[in-house]
Amino acid sequence: MTVPATLLLISADFDSGNIELIDASEPGNVRLAIRPDTRSQHFQWFHFKVSGMTPGEHYGFSLENAGQSSYNKAWQGYNAVASYDHSTWFRVPSRFDGQALRFDLEAREGQVWFAYFEPYSRARHEQLIARAVNDAGLELLAVGKSAEGRDIPLLRKGDGAPGKRKLWIIAQQHPGEHMAEWFMEGVIERLQQDGGEELKALLASADLYLVPNMNPDGAFHGHLRTNAMGKDLNRAWQDSSAEHSPEVFFVQQQMNKHGVDLFVDAHGDEEIPHVFTAACEGNPGYTPRIAELEQAFRSHLSQQTKDFQTTHGYKRDQPGQANMTLACNAVGEKYDCLSLTLEMPFKDHDDAPDALTGWSGKRSAQLGKDVLSTFAHLIPKLR
Ligand code: GEM
Ligand code: ZN
């Protein structure tokens, strides 16, 4: 009697899971497809579990619709992440033939998870909020609600006293860009652990307004780009609504209430293997003062860490040609303040590559800590 190949089980019915099974009968070529975002054509994020593997055996996986994904050119030079315990992740060599993304694994254990990037779970988000309030002295200033009713906490470090600068960081408008909430974990961890003079000086003259996850519905559903209403939140900053983009609507209400003196919007980028910022050079109200602040931010952060650079990034917008529906541009224009999109790679930061992990949650968190030093440096110049 031939021993049947153990049945491979593929699952994605968990927080931020996304995969559709085509055929798992051949362990050397498990055929899969990525599911699009709800009410949207966008897709690229994947996250799934394989169980029933035999340690020592070779397995091959193929994401067969990768060639139709939102940023399909970005698969060149990309390596998927894998984990045997859903906690420690490593890169697996991947190859893209223009249609399918393929990767192989010689199993070390009976189960493994694969993902587009190291996921930041809702459970970890809840722990982060509790840690922020209980151990890092942040106030739960307000709680918005997503389209499906999930909490969107706005945290504040500081007492909101008049005259203090208001420094805002929001993260993960694009739900598949999980590096953004890892970044926020680093910010909060430093606020919890660092009693040094630099942070004391920062907090003496500024309050931090933090939204660790702008898009909990999209993150939970394994979306790349949209909320549960199919809306790209980073295109909703001129016409947000309680019905289609309640997440942005809530944050804009809070910004109007408290004010903004500096804004950072944390994202991930599919294609460019570097950490970089995009700014407001295309805004109608762009001034030399803002240009100098952008330059000061970039040069200070470049000196702070090898995990940031200013050579690679998006093409600069032409004067007056900015897309004002983006958070960075809308907030920079409305509050006449330094306003930046911070991009972290799904691949690696090629200026300081890490062969085992590529860009990772840990490196995103460290960048969050480093950005606070750049905030401290900029405080005297913001207004
Ligand atoms: C990007 S932000 C695009 C900014 N482009 C320029 N030229 N300033 C988006 O929303 O498309 C952020 C992201 O998705 O990571
Ligand atoms: Zn984004």
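For ligands, and for the atoms within them, numbers begin at 1 and follow the listed sequence. Note that these values count all heavy atoms, side chains included, but never hydrogens, waters or copies made by symmetry. A quick note: this is a predicted structure, and the numbers were derived from the prediction, not measured.
- The side-chain contact (heavy atoms from CB on, under 4.5 Å) test applied to Pro319 returns no partner, not counting sequence neighbours.
- Taking the six-membered ring where tryptophan is involved, the planes of Trp75 and Phe96 are tilted, since the angle between them lies from 30° to 60°.
- Protein contacts to the Zn ion (ligand 2) involving N, O or S atoms at a distance below 2.8 Å are His174 ND1, Glu177 OE1, Glu177 OE2, His267 ND1.
- With sequence neighbours excluded, the residues that form a salt bridge (charged side-chain N to carboxylate O under 4.0 Å, His left out) with Arg156 are Glu139.
- Look at Arg363 and Asp354 and you find no salt bridge, because none of the NZ, NE, NH1 or NH2 atoms lies under 4.0 Å from a carboxylate O.
- A ring-centre distance under 6.0 Å is found for Phe346 and Tyr116.
- Ring centroid separation for the pair Trp168 and Phe263 does not come in under the 6.0 Å cut-off.
- The aromatic ring centres of His42 and His223 sit 6.0 Å or more apart.
- Residues His47 and Phe114 place their aromatic rings such that the two centres sit no closer than 6.0 Å.
- Around ligand 1, the residues contributing at least one heavy atom under 4.0 Å from the ligand are His174, Glu177, Arg225, Asn234, Arg235, His267, Gly268, Ala278, Tyr314, Lys315, Asp317, Leu326, Glu343.
- Aromatic ring pairs are classed by plane angle as parallel below 30°, tilted from 30° to 60° and perpendicular above 60°; the pair Phe297 and Phe308 is perpendicular.
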